[in-house]
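Quick notes on the structure that follows.
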Amino acid sequence: MFAALLKDGYSQLSAYERKRLKNITENAKFFAALKLHESAARLNQIATKRRPHVTKRAKPKKAEDETVRRRSMRLQRVEPSGIPTLEGSAQPEAEEYPQVPAGPLPMVPEGEMENSKLAEDLLATWMRISEMKADDTEKRTRDMKRYQESLNSMVLSEDNIKKVVKYRVCSMAIHPSESIIFVAAGDKSGQIGLWNVNCKSEGAHVFVPHNYLVSCMHFSPFNPAHLLSLSSDTLRCGDVTRAVFDEICRSEENFSSFDFLEDTASTAIVGHWDGNVAIVDRRTPGTSSELSADIGFKRTRTVHVHPVNKQYFIAAGSVDVCIYDVRYLKSNRNKPVSSLKGHTKSVASAYFSPVTGNRVVTVCADDKLRVYDTTSLSTVAVLSTISHNSNTGRWLTRFRAIWDPKQEDCFVVGSMAQPRQIEVFQDTGELLHSFYNLDYLGSVCSINVVHPTQNILVGGNSSGRLHVFKE
DNA sequence: ATGTTATGACCCC
DNA sequence: TGGGGTCCCTAACA
C-alpha cells in the first residue's frame, strides 16, 4: 500500500503539499485581516443561545414586524441599516448576526485555530484523490438480480456513522475517488462538513463558507478538487489546491439549486427561489449571471440538466414541473418543451435518470412519488405512481428522490417508516430494497447520495449525522 | 385552499 | 440541575 504510494508519485504529492502549505500561510494572514474567527465565534455563541421558552409559535409583534413578515430569514437578517423601517426597533439578534464576508474565503476549519493538523491532512487527502485519474469504467446498468445482490451486500457499521455538521443536513456530495470515501455535507446554517470515511484520525472537519442553508452541492465532474456549493445568496467553489472558497456569484435573489450545463462544468444553471433561472459562467467570477430567465414559476426548488442532451433541463417548484431548452431561453415569456402534470401539492425535487435521461422521478407533498417516461421530451407520460409518506413535518429536510448513478432505472429516497430506513425503488414502482439497521440507524435520512461507480450510499439526517452503507 | 414557514421535548451525563 | 445532544409530530399565516 505504502509502496504503491511511493511508486505512484510520492514526490509529486510532497510538491503539492508544499504548494498547499504556502497557500495556507498566505491565507492565514488574509484570515486574520478579515477577523473571520471572531465572527465565527459569535455565530457559535448566537446559534447556541436558547430562545425564550414558548409553547406556541411567537406572534408577530404587529406593526413593527409587519413589514418583514413575508421576507425570508435571509432578508430579515440583512443589515438593519438596509431596512429603514426597522430603525430603532428592538432587533438585537439581527444586529449581532455575523456575516461570512463576500469574496474569496480561506479554507480554514471552524474552531480549530490551534490544532488544525488533522484538518490539514484531510484537505491533503482531498487534493491527492482529486489528482488521480478516475477509472473510466462505464456506468453500466446491471440486471436487476445482480443489482439487488449488490444492494444486499451494503451494510452500515458503527465506524461509518459520524456527525459532520451541527444542524440538519440540507445537501450532500460524494467525491468520485475509488480509493477513499470522501463526503461533503451542507447544513441549515451554512456549514460544510468534510469527512474522510476511511480514516478515523483525519475524521471530519467543518468549514463555514456560507451564511445560510446550503441547498445544493456538487464536486466538479471535470475536476473533483473543486466543490461547488450553493446557498441563498452565493454560489461558491471550494478549491482545495488553493485552499480557498471562491465566490462565483452573489445575488439578492434566493438561490435554490444548480446544475452543470456541460462536462467541463464551466457553466451552470441556477434556480432562484422566486421562480427565475439563471445561467452562470464560472470563468468570469464576480460578474452577475449571463442570463436571467423567467420561466413562469412561482418557485423554483430544483433544477437538473439532461444527462445526454444537455441543452435540456428540468425545473421543479411549487406544483410546476417543466422541461426547458436552454438554447431558447430569453429573459421572459419562456415556454416549456413539456410539462410533467399531475402534482397536486408542492414538489420537492425532479431529476432525470442518470444514463439516458429517459426517466424523471419527482417527490411531491401529496405523498406520491411519480416516475415519468421522458424518452420523448415532447410527449411525456406518467409511468408509475408510488404512495410514499413525504410528510417530513416541521424539523426535517424534505425528501428528494435521487437516481443511483450506476443504475439507470432505480432511485433512492428517504422514508418516515419504522424502523428507520432508506428505500430503493425501480422505475416500475416496485420497492427493491430497504436499507436499515436496527442498532445504528435510528433516524430519518432525508438527504442521500450514491457513489458514481462504487456500491456506497450515504444518508444524512436532521442532526448533521451521516450514515455510510457499503460493501 | 394551498404553500410556506417556524424550533420543542426528551434523554443522559 | 442543566446544558448539550438528539430526535422529529403540526399549526399559524399569507
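Below, each value reflects all heavy atoms present in this structure, side chains not excepted, and no hydrogens, waters or symmetry copies.
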- Item | Pair A/Asp159 + A/Lys200: basic N to acidic O under 4.0 Å | yes
- Item | Carboxylate-amine/guanidinium proximity below 4.0 Å for A/Lys166 and A/Asp187 | no
Please give the distance between the [atom1] atoms of [N] and [M] as a whole number of Å.
| N | M | atom1 | answer |
| --- | --- | --- | --- |
| B/dC10 | C/dT1 | C1' | 15 Å |
| C/dA12 | B/dA9 | P | 15 Å |
| C/dA11 | B/dA1 | C1' | 15 Å |
| C/dC13 | B/dG8 | P | 15 Å |

Interatomic distance, [X] [atom1] vs [N] [atom2] [rounded to whole Å]:
| X | N | atom1 | atom2 | result |
| --- | --- | --- | --- | --- |
| A/Phe399 | C/dC8 | CZ | P | 10 Å |
| A/Gln421 | C/dC8 | CD | P | 13 Å |
| A/Arg465 | C/dG4 | CZ | P | 17 Å |
| A/Asp367 | C/dT10 | CG | P | 11 Å |
| A/Lys163 | C/dG4 | NZ | P | 13 Å |
| A/Asp187 | C/dG5 | CG | P | 14 Å |
| A/Arg168 | C/dC9 | CZ | P | 13 Å |

- Give A/Asn391 one of three labels, base, sugar-phosphate or nothing, depending on what nucleic acid heavy atoms sit under 4.0 Å from its own. base
- So, is A/Ser463 near the phosphate of C/dC7, with a side-chain N or O under 4.0 Å from OP1 or OP2? yes
- Query: Between A/Asn461 and C/dT6, is there a side-chain N or O to OP1/OP2 distance below 4.0 Å?
  - Reply: no
Gap separating the [atom1] atom of [X] from the [atom2] atom of [Y], nearest 0.5 angstrom:
| X | Y | atom1 | atom2 | result |
| --- | --- | --- | --- | --- |
| A/Met107 | A/Glu120 | CE | CD | 11.0 Å |
| A/Ile422 | A/Tyr436 | CD1 | OH | 13.5 Å |
| A/Leu230 | A/Ser215 | CG | OG | 4.0 Å |

- With sequence neighbours left out, write down each residue that passes ring pair (Phe, Tyr, Trp, His ring centres under 6.0 Å) with A/Tyr324, or none if nothing qualifies. A/Phe313
- Hey, is CD on A/Glu158 packed in by over 12 heavy atoms from elsewhere, all under 6.0 Å? no
Could you list, one pair per line, each protein nitrogen or oxygen that sits under 3.5 Å from a nitrogen or oxygen of nucleotides 2-4 of chain B, together with the distance?
from  : atom 1 : to       : atom 2 : distance (Å)
B/dG3 : OP1    : A/Thr344 : O      : 3.3
B/dT4 : OP2    : A/Arg301 : NH2    : 3.0
B/dT4 : OP2    : A/Ser346 : OG     : 3.2

